[in-house]
Chemist: 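Got a structure for you, questions after.
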Amino acid sequence: MPELPEVETSRRGIAPSVAEQRVARVVVRERRLRWPVPDEIERKLTGQRVTAIERRAKYLLFKTPAGTALLHLGMSGSLRIIDPDEPPAKHDHVDIVFSNGKALRFRDPRRFGCLLWADGDAMAHPLLCKLGPEPLGVTFDGDYLWERARGRSVAIKQFIMNAAIVVGVGNIYASEALFEAGIHPGRQAQRVSKIRMRQLAAAIRAVLERALAAGGTTLRDFRGGDGEPGYFRQQLNVYDRQDEPCRVCAKPVSASVQGQRSTYYCTHCQR
DNA sequence: ACATTGACCTGGGAGC
DNA sequence: TGCTCCCAGGTCAATG
């Protein structure tokens, strides 16, 4: 479900209720997520004060003096602030109850998400230490992309969805950014010129920022931490618009499958 | 080192 | 109404 704008929207939605709160207790109803929720998570988190809620790639980091809880929403995960006595529904796997009387509830029907614990420096964690730059950060630009693409025959869409190259770009925003940059998603990464890589980096940044401003994209069930859907769907140019007219040239939007994922593009506007 | 594929799960919608 | 099939916003591990 969530790409970078949706994860960041969730972070901003829950942060006011979580920041500076002490963890009163942790309730884990289902440990079988993408990786098992570690047995130590209750012991490590309980009694700790959450000093910051940060985001790295699509991971949310709950920082405490004792270490960091890492949470990933996978494909179907969502977070809500609730009253702790609200009865849990199916797939409500974890509650983190705070001393202010509120709780953070993690729901994830498909169980592709995870909740892990990192002692010490969370950035040294195996899941975080090999990640590429943040697309909204200062080190990410077209020259970087072009350099990394040298000698790589993989399609540009799969290239920008590779978290070792750049994080946070999922299936929706990869299609949207390539449309905005006028690049065909099947083009080999090494065959994109430096000029067009600069356009692509700018497009990735612009699309993510616009989606963030709209509170993310709700296709079926995404909700931000405040329970509101995201409104970026209305601004999508190609994703999920097969056979609908291109908003620029009016030719029908094409769809194909790349690396087992649906891809949408305009054959006239993208080369 | 790189590219490709399978695997992990449940739920919702389309089609019959 | 109910069944089957296909698809879904992620990403890691295994294989060549």
Side-chain angles (χ1 to χ4, degrees), chain A residues 1-11 29-37 55-60 70-79 89-93 106-116 125-132 135 147-178 185-191 204 207-208 211-212 214-224 229-236 238-243 255-264:
Chain A
M1 166 215 309
E3 302 185 35
L4 187 148
E6 291 75 35
V7 177
E8 179 63 18
T9 296
S10 297
R11 188 190 71 79
R29 299 180 198 86
E30 176 58 83
R31 310 196 90 90
R32 296 173 303 168
L33 304 184
R34 173 76 199 263
W35 287 282
V37 178
R55 180 189 55 74
R56 172 74 175 109
K58 296 171 189 165
Y59 291 89
L60 289 174
L70 310 183
L71 189 147
H72 197 293
L73 297 173
M75 288 276 263
S76 59
S78 60
L79 295 171
K90 198 175 179 183
H91 308 305
D92 285 346
H93 303 316
F106 177 32
R107 171 183 165 85
D108 184 10
R110 293 177 72 181
R111 291 193 273 123
F112 287 175
C114 64
L115 175 61
L116 299 169
H125 190 278
L127 291 171
L128 302 188
C129 67
K130 297 199 176 66
L131 294 172
E147 189 61 39
R148 294 295 306 268
R150 287 173 66 166
R152 304 197 60 159
S153 61
V154 71
I156 187 66
K157 175 166 180 260
Q158 286 155 277
F159 181 74
I160 60 172
M161 288 178 68
N162 179 349
I165 303 300
V166 58
V167 302
V169 182
N171 205 34
I172 296 178
Y173 301 116
S175 282
E176 292 299 312
L178 287 164
R187 175 173 288 269
Q188 288 189 5
Q190 62 188 345
R191 302 263 184 249
I204 289 171
V207 165
L208 294 177
L212 200 45
T217 300
T218 296
L219 287 181
R220 3 177 13 131
D221 55 5
F222 169 73
R223 289 294 181 279
Y231 295 101
F232 193 67
R233 182 170 199 179
Q234 305 155 237
Q235 298 181 54
L236 295 177
V238 286
Y239 186 86
D240 205 25
R241 295 194 64 241
Q242 180 173 14
D243 299 333
S256 67
V257 175
Q258 258 185 313
Q260 303 163 315
R261 314 299 299 277
S262 296
T263 298
Y264 300 87

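Both backbone and side-chain heavy atoms feed into the values below; hydrogens, waters and symmetry mates do not.
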Chemist: Can a side chain N or O of A:R152 be found less than 4.0 Å away from OP1 or OP2 on B:dA3?
Modeler: yes

Chemist: On a heavy-atom basis, which atom in A:G77 and which in A:D108 lie closest, and how many Å separate them?
Modeler: N-OD1, 3.5 Å

Chemist: Among the nucleotides C:dG10, B:dG11, C:dA8, which one has an atom lying closest to any side-chain atom of A:S262?
Modeler: C:dA8

Chemist: Expressed as a whole number of angstroms, how long is the span from A:R107:CZ to B:dC9:P?
Modeler: 18 Å

Chemist: Expressed in whole Å, how much space separates the P atoms belonging to B:dG6 and C:dC6?
Modeler: 15 Å

Chemist: Between B:dC9 and C:dA14, how many Å separate the two P atoms, rounded to a whole number?
Modeler: 15 Å

Chemist: Among B:dT4, C:dG9, B:dG11, which is the nearest nucleotide to the side chain of A:V154?
Modeler: B:dT4

Chemist: Applying a 4.0 Å non-hydrogen cut-off, can you work out what A:Y239 is touching in the nucleic acid: base, sugar-phosphate, or nothing?
Modeler: sugar-phosphate

Chemist: Applying side-chain contact (heavy atoms from CB on, under 4.5 Å), run through A:I160 and A:I165 and close with a yes or a no.
Modeler: CA-CA 7 Å; A:I160 60 172; A:I165 303 300; 5.9 Å; no

Chemist: For C:dG10, take OP1 and OP2 only and decide whether either is under 4.0 Å from a side-chain N or O of A:H72.
Modeler: no

Chemist: Hey, does A:R32 reach any base, or is it just sugar-phosphate, or nothing, if we go heavy atoms under 4.0 Å?
Modeler: nothing

Chemist: Need to verify one output field. Residue with the more 5' nearest nucleotide on DNA chain C, A:R34 or A:L219?
Modeler: A:L219

Chemist: Roughly, in whole Å, what's the span from CG in A:D240 to P in C:dC6?
Modeler: 19 Å

Chemist: Could you tell me how far apart A:L236 (CG) and C:dA8 (P) are, to the nearest whole angstrom?
Modeler: 15 Å

Chemist: Is the base of C:dA8 touched by the side chain of A:R110 through a donor-acceptor pair closer than 3.5 angstrom?
Modeler: yes

Chemist: Report the distance from atom CD of A:Q158 to atom P of C:dT11, rounded to the nearest whole Å.
Modeler: 15 Å

Chemist: So if I take every side-chain heavy atom of A:Q260 and compare against B:dG6, B:dC2, C:dC12, which nucleotide ends up nearest?
Modeler: B:dG6

Chemist: Looking at A:R233, does any N or O in its side chain come under 4.0 Å of the phosphate oxygens OP1/OP2 on C:dG9?
Modeler: no

Chemist: Counting only Watson-Crick pairs (N1-N3 plus N6-O4 or O6-N4) and G-U wobbles (N1-O2, O6-N3), all under 3.5 Å, who is the partner of C:dG16?
Modeler: B:dC2

Chemist: Would you say A:F112 stacks on C:dG10, if stacking means ring centres under 5.5 Å apart and planes within less than 30 degrees?
Modeler: yes

Chemist: Please step through side-chain contact (heavy atoms from CB on, under 4.5 Å) for the pair A:V167 and A:R56, ending with a clear verdict.
Modeler: CA-CA 8 Å; A:V167 302; A:R56 172 74 175 109; 3.8 Å; yes

Chemist: Nearest whole angstrom, please: distance from the P of B:dC8 to the CG of A:D108.
Modeler: 16 Å

Chemist: Nearest whole angstrom, please: distance from the P of C:dG10 to the CZ of A:R55.
Modeler: 14 Å

Chemist: What I want to check is whether an N or O donor and acceptor connect the side chain of A:R111 with the base of B:dC9 at under 3.5 Å.
Modeler: no

Chemist: Between A:S153 and B:dA3, is there a side-chain N or O to OP1/OP2 distance below 4.0 Å?
Modeler: yes

Chemist: Starting from P on B:dG6, measure out to CZ on A:R261 and report it in whole angstrom.
Modeler: 15 Å

Chemist: Can you list the steps and then say if A:F232 with A:Y173 is a side-chain contact (heavy atoms from CB on, under 4.5 Å)?
Modeler: CA-CA 11 Å; A:F232 193 67; A:Y173 301 116; 3.8 Å; yes

Chemist: Examine B:dG11: is either OP1 or OP2 under 4.0 Å from a nitrogen or oxygen in the side chain of A:H91? Give yes or no.
Modeler: yes

Chemist: Looking only at non-hydrogen atoms, find the nearest pair between A:P2 and A:V7 and report the distance.
Modeler: CB-CG2, 3.8 Å

Chemist: Kindly assign one of parallel, tilted or perpendicular to the pair A:H93 and A:F106, based on the angle between their ring planes and the thresholds 30° and 60°.
Modeler: perpendicular

Chemist: Determine, step by step, whether A:L178 and A:R187 satisfy the side-chain contact (heavy atoms from CB on, under 4.5 Å) criterion, reporting the C-alpha distance in whole Å, the side-chain angles of both residues, the deciding distance to 0.1 Å, and the verdict.
Modeler: CA-CA 10 Å; A:L178 287 164; A:R187 175 173 288 269; over 6 Å; no

Chemist: For A:K90, answer base if it contacts any base atom (sugar-phosphate contacts may also be present), sugar-phosphate if it contacts only those atoms, and nothing otherwise; contact means non-hydrogen atoms under 4.0 Å.
Modeler: sugar-phosphate

Chemist: Does A:S76 have a side-chain nitrogen or oxygen under 4.0 Å from the phosphate oxygens OP1 or OP2 of C:dA8?
Modeler: no

Chemist: Please classify the nucleic acid contact of A:F159 as base, sugar-phosphate, or nothing, using heavy-atom distances under 4.0 Å.
Modeler: nothing

Chemist: Provide, to the nearest angstrom, the distance between the NZ atom belonging to A:K130 and the P atom belonging to C:dC12.
Modeler: 10 Å

